[in-house]
Every structure is written in structure tokens, then in C-alpha cells.
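Chain naming here is simple, since letters A, B, ... match the order of the sequence lines and numbering starts at 1 in each.
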Amino acid sequence: MKVRIKFAKQGAMKFIGHLDVMRYFQKALRRADIDIAFSEGMSPHMIMSFAAPLGVGLTSDGEYVDIEIKTPITTAEALEKLNKVMADGMTILDFRQIEEGKASKAMSLVAAADYTVKFRKGCEPVGKKNPEDGPAGKMDWQSDISGFFARKSIVITKQTKKGESEVDIRPMIYQMSVNAGVVSMQLATGSVANLKPELVMEAYAKFKGFELPEFALEVNRREVYADLGQNGKRRLVSLNDLGTILA
Amino acid sequence: MRKLALSDEILLSVEKPARYIGNEVNSVMKTLTYVPGENSLENQDEKQYLENTQKKNRIRLAMCFPDVYEIGMSHLGIQILYDLFNKREDTWCERVYSPWVDLDKVMREQQLPLFALESQDPIKDFDFLGITIQYEMCYTNILQILELSQIPLFASERGEECPLVIGGGPCTYNPEPLADFFDLFYIGEGETVYDDLLDLYKACKTSGCSRAEFLHQAAKIPGIYVPSLYEVTYLEDGTIKAFTPKQKDIPAKIAKQVVTDVTHASYPDAPVVPFIKVTQDRVVLEIQRGCIRGCRFCQAGMVYRPNRERDLEVLKEHAKNMLKNTGHEEISLSSLSSSDYSDLEGMVTYLMEEFHDKNINISLPSLRIDAFSLDVMSKVQDVRKSSLTFAPEAGSQRLRDVINKGLTEEIILNGAGEAFEGGWNKVKLYFMLGLPTETEEDRKEIAHLANAIAVRYYEIPKDQRNGKCQITVSTSFLVPKPFTPFQWASMHEPGDYLGFAKTVNHEIREMLNQKSIKYNWHQADVTVLEGFLARGDRKAGKVILEAYRRGALFDAWTEFWNYDRWLEAFEATDTDLYFYTRRERKEDEIFPWDFIDIGVTKQFLLKEWNKAKAGEITKNCRAGCSGCGAMKYEGGVCFEGKN
């Protein structure tokens, strides 16, 4: 039986890289005594696949891992068993059955993700030393988000292996708004098109004319979606909603 | 959410930030401070009084392994003590490891105090900083830990508010090179008198007695060594004239602590599970302590006497619990010589039956190669990928008798032959060079033995064997250690050592099957320095400090090792390296470590030293008692079959 686990990765857990999160889950599933299926062969490994790797330093409320289990278990029971063995900051949010077959695999379904981005304390943009810009050292960096999002194209220069290339990231920004210092955005994610929220903020900083130092942003992934739309029309459904609760 | 000691900016700019955040599964969080509102007392003064009392009644202890997190987290001893201390309600034991060089730099620049992983609080606010000292090449890292913690390096310069710095582990069987940097040492196995020490500390704290008074009282607990309470005087030639307590009520000898009943000793059923891959990423089950063999170069074989086994049924229980609580996918048996465990078959059969179907790997290090072990290994590992390991330690039978390694060429060839017929084709061979009485011929015999093993392989008909065989020969150089029969032996020059290795290499290249033999040898200059630190006296401390001041750190890591820096330190401190390394010690010389009583007598070691030089072997403990002195602990192999 194929199962999708939704989990949150918060607090200090943001410093644990993707490969270590995989290792973490392998051990956590054993601790929780979930009867997970293994691959065949000389060195069997747990059948487990993650939706979209999250970078080190980012938190998330919408991470997904698909596994295969041999003994059925209810969603409620699995949540209890798993949350009992979690490290602080890791929370299992859901545990749902998904369809069999490769097409339902989280990794290949991922099409978009929601993010919230804010500035780390003390890292808020500092404006030009012009008193008309408001209090010294502060600037109203939020005012042009809608103007930025309203643009037809946002061309950035990307560093690639071959050198520099120009990319229009605007088509990959599905939504963008700001409220009380928190920028919300919905971005293309996955193997077809992928845009990182940090890159959007870099482009915005350039557009607005402020410096964006390294590590200035706090990024939280809110949700990851599959695109069930047809004929080029987007219809985003969260990966969780593709599963059914095990009762 | 818990607050971290380091900012996100720092953590995101260093390698592997997970080394510094704590929060691992099974790490212990405790609240030892007074929480307002939890107590119904209205009276403020009384509240204050309670708070103070509570403060006095709690002990905060940081356990340190002075190397990088991945190495430190792989150490069983700390896991045992961590569990032991945290079972006490009044104590919170946390962990700390050496910050890697990238973070080291940042902490120095920003003057950030080193912190414990669990609470993220500065070490300098703790009651104890316990440091396990597992190998000589970590000595400069100990100074790094102290300095980054903002604790004065010299014990004599520490004030009342400083944590008490306590050392333990194998290197403390000669603690003298580190004597100036530690307030106290715990000699022997931690399970015995730590409770007494902590109880004493608590009593002292409550009654408000001074650091000096506490140390004075602590020095009376068996196994506790307070270096500042002893005076060393020297003869004109630099050797020790006398080692004496400064006060009458301080014991002249420190008694090594031994757990008589290892079966019922505390063992961690829920070890901490690191997020990042550490060296020992598995459950480690210690099946026994000590070794019956008595190899003459081996310090562990002497200081952990007598050999004591854990009961099989208790081990089964531990194995089950540890796997359940950690979720590890591998279990490894730990001991100095697993094949000597009386019911190894029962242990291994249990592990295979219970866990093999659950896709849990079983790892069996230090097994003697025989029909049984080959059968077991073929069941738990992929024969084609794994290799067999033999440690003959010396090339010729004569020299193997000198070191009392009871392994003959016949045993090795038979074992290898059986293994080859069972499908193996990779063999690792470990040897030592620079052994007492060793000759050019002995060195060449290493090549001959490797060749003989290859010949044995190619005796198998071509259609029945698995391609070519791969024999890897590795040599290290002998470091004479305190409390071994070789503690009297002289060492060689780095250049000599490399010459020995060259002889081996040259002879291997002369062999018919040389294409099947690969040869690796250890660094020679590191060996010399290890030798200096292993048998150093109190005067060695200033060399360590000087080398550290000149930038020596992570000396155990090839990429940071710098011999010249150490040579400069010898010169700057006017210390003669040769005094420590290039001298065969006289039989009646007083050694810096003689004040420690490990049970095994100096008289026995001397007898062994003389037997070594005569090429005479000594029986293992099970074959017959040689009267080493360890029987006084009234346990283990000394009493097997006697009750």
C-alpha cells in the first residue's frame, strides 16, 4: 500500500540537509514500528521518495515523503506512532493512502509551492541615507511588491555552468503579495520549471534598489502542489489532497 | 522553540551546521532551574531561598570528546556516561565536541563562548567539564576546548566560578603530560565512583566549601587523581626521583576503577541518534570488557584486565531495546576480541534470527577467522564485496612470539584457504614495524607471508575462483605505551621508520604475486610524537601548549598535521624529544604513571618485557593464569569455572 506522509520541518531542523532528512525518516519509521516495504536485491533499502528537496536554512509546513507499507494502519494510529518518535521541530501532519503506480509519485507530480518570506531580525533593507525615505536606516521596502508582480517580464541573469544566461522568471511566479512585512508567493516548483523564492527576492531587491545580503531572508515553504489542469490551464491541488485518509 | 547559541548566519556559513544544534533523538533535555508559578509559595524570600537551594542541588556537567562531532558521537564511552549521569535527577549531562576549524575561526573572531549542544548554554557556566581522552593526537584539541570555553588553560589559574575540568579515558593511564590543564582525573571505568564524586560535589556546594577543599576531599575517593596535590622531583638525568602527595591524607597510589559485574552495569538503551552520518552510525553492543590475550604491545589488553563478559540474555535485551529506540539499521558487536566471547555463537545466532529479516545489518568486527566465523560472515554479508582481516602484527614467527601474538602462519594460511574456498578473495593484513628485537629479515617476512597467502589462493582451480585475489598489507609503527611490557622500549627516528617500510615495500615488489599485493604504511613522524605524548611526564605539558600556540590543532587529521610545528615547540621550550623516545628505560626507572595501580603489577610487566626479549610466549588468561595481579578485582576470567 502506498502512503504519503506530510510533515513540517521547523526550528533547528532547518539545518538538516535533504539527505540527512532521508536518513532521519528511515530511522524514525523503524522507531515508530511502521511496517515499511523494502526493495528486492542484495542490499535492500526502504521504498521511500521525497517530493521536492528543501534547501538547508529553509523551514516548511508542507513537506512530503511517499512510502510503501506492508501492514495497513489507520491515519490516526500512524500519526500517533510517528509523532511519538519525532525530534523537536519535526511534526507529522498527515498520513494518507495514495494511488498505486508511478504516475502518482510525489516527485513527478510537483508543480508549484507556496512560500512566505521575511527578513531576519536586523536584516531589514536599509535605504539610502536620504531623510525623505523615512527614519534613518529604514526603508519602506514593501511598497512595490504589487508593481513588481504586475510586470510582464522579470529578466534576471543566472549563473550556469557555461557562464551567464538571461531568464525571464515572471512566468514562474504564480502569485505574489505582501502583508505586514511577510511576502507570500506561489512559485513554479519541480522538474519542469523551478524557481527559488530567494531568487525572486533578489530580483525584487534589484528592482526596488536595496541591498540584499546573504542569509538575510527567512523562508518558509507552506505547501506543495500538483497541477491537475488541462490544456495549459493551471489547477493546483495540494499533494495531501491527492491522498485519502486511512480510517 | 529552543534558542541556539549560534546565529543563523554563522550556522549557514559553516560546514555541517547539524554538528552544533543538538536536538537529536534521545538527547536529554532537563529543566533544573526554578520555574516561577510552579510552586505555590507566596513569600518572595522563601522563593528566593528555594531557588538558591535548588541551584545548589543541581549539577550541570558537559561531556566532551575533543574531536569533531562525527568522531565524538561515535564513541561508546560517552554514551554510557551520558546515560548514567542523566539517570540522576539532580544532574543534567550535556555534550560538547571540538568546533571544526571553520567555526573555530568565527568563535575566536567574535569571542563567542563554546556551548553545550543540549541547552546551548556556555560551558563556562557549568559545574563540570568532563573530557574523554582517547588518543594522544587530540591533546591540542583539549586546549582548544578550554580556550573556546573561556576557561583558563592552567588548572592553577581557575577561579571558584570555573567549571571543574575532569579527564578520563585510556590516555589518562598516563595523565602527566596533561596534568597542568586538568583539575582532576578519573582513572578507570566510569560506572563505579562517579556517583560518589557528584554526591561529594553537591554536599560541598550546599555547605559552601571552596574549590580547593572540594578537590582535597575528591582526592580521597578511590580512582580520583588531583594532580595539583602531588609533587614530582627529578634526578639529574631528567628521570623521576620521587612522586609524592603534598599532604599526608592524600593517597600515594591511585587505584584504577573496575566494574566487577559488567552484566548489571548501566548501559544506554536509548543512545543519541545523530542527524548527520557519523563514523559509528549503528547500535554498538559491548559484549565484554578486557581481553584474555596479553599481546605485549597492547595497552587496552593490560589496563582493562580482567576480561569480563556480559551475560548473553542481558545482551539480547539491550540489542532489542537499542534497535527499537534508535531505529538504526545496523548493529555491531564491540569488544577487543569478539571471538573470545564464550557464547559468541549464541549471540550471533540470536542476532541473525531476530533481526536479519528486518533488514538490519549485523557487523562483526575483530573475529578470528575460522570455520564458524566464515559461516557466520557468509550469512550476514556479501562475500564478494567484503574482505577478511588478519592481524599477525609481525612477519616472522620469532617476532610474533616476542609480541606474544598467538597467531601462527599455519592458522593464517588455513583460515585464508577456507575463506578463499568459500568465495572470498580480499584479505587485509595488519602488521607493526619497529618492534623490539626486529631485524631486516623479520620485515621481509611480511612480504613472504603476504605472498604465501596469494599462493594459497591461486592453488584453487581457475574455474572455481573469483578472479584475482587482493591482498592489502598495512603497517603501523609501534608506539610503546605505559602499562605494557614494552613501556621500557626505545623508539626510532622518523627516517628509520620509513626505511623499515621501504624494506617491506621493496621485498613485496620482489614477490611472484606482487601484483596481487597492495601496501600502505602509516606516517612516521606522527608515530614519534604519539610516543612522546604517550610516555611523557609533567614537563611535556609545556610542549603541548607551545605547539598549540603555534597553531597545532586536529593533529589526528592528516590535512592539519604539521610535524615542523611540533619540532619548533620542542626547541622553543628547550625540551629534548630523544629523552622521551630514543631511550631504552632502565628496569628500575620510576615512570610518570607508576602512581596508578592498574592491578597488573610492574613486576609482571617487567617479567613480560624480559620474556619478550627472549622470545618466550605467555599463555592467555583462559589457558592458564600468569599471575599478572588483576585477580584482585575478584571478577571476570580470573574466576571463570571457579564458582
Answer yes or no: is there an ion pair linking [X] with [Y], defined by an N-O contact shorter than 4.0 Å?
X         : Y         : answer
Lys14(A)  : Asp8(B)   : yes
Lys320(B) : Glu354(B) : no
Glu100(A) : Lys2(A)   : no
Glu202(A) : Lys206(A) : no

Engaged part of [X] at the chain A interface, taking heavy atoms whose separation is under 4.5 Å:
X         : value
Asn325(B) : backbone
Asp281(B) : both
Lys16(B)  : neither
Leu4(B)   : side chain
Ser13(B)  : both

**Asked** Shortest non-hydrogen contact from Glu223(A) to Ser238(A)?
**Response**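 Shortest heavy-atom separation between Glu223(A) and Ser238(A) comes out as CD-CB, 3.6 Å.
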**Prompt:** Does NZ or CZ of Arg4(A) fall inside the cone over Phe95(A)'s six-membered ring, less than 6.0 Å from its centre and within 45° of the axis?
**Reply:**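 Not satisfied by the 6.0 Å and 45° rule.
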As an exercise: rank [options] by heavy-atom pairs under 4.5 Å with chain A and give me the winner.
options                                   : value
Val25(B), Leu323(B), Asn359(B), Ile276(B) : Asn359(B)
Asn361(B), Thr326(B), Val273(B)           : Thr326(B)
Glu329(B), Met29(B), Glu24(B)             : Glu329(B)
Asn23(B), Leu11(B), Ile21(B)              : Asn23(B)

**Prompt:** For Val85(A), is it the side chain, the backbone, both, or neither that has a heavy atom closer than 4.5 Å to a heavy atom of chain B?
**Reply:**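 Contact with chain B: backbone only.
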**Prompt:** Is it the backbone or the side chain of Phe215(A) that comes under 4.5 Å from a heavy atom of chain B, or both, or neither?
**Reply:**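 Interface part for Phe215(A): side chain.
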**Request:** Give me the one residue out of Val65(A), Asp66(A), Val110(A) that meets side chain to side chain contact (heavy atoms under 4.5 Å, CB included) with Phe50(A).
**Result:**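 The residue from Val65(A), Asp66(A), Val110(A) that satisfies side chain to side chain contact (heavy atoms under 4.5 Å, CB included) with Phe50(A) turns out to be Val65(A).
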**Item:** Modelled atom types, side-chain donor and acceptor of Trp424(B) and Asn466(B), under 3.5 Å
**Value:**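 No - no donor-acceptor pair under 3.5 Å links their side chains.
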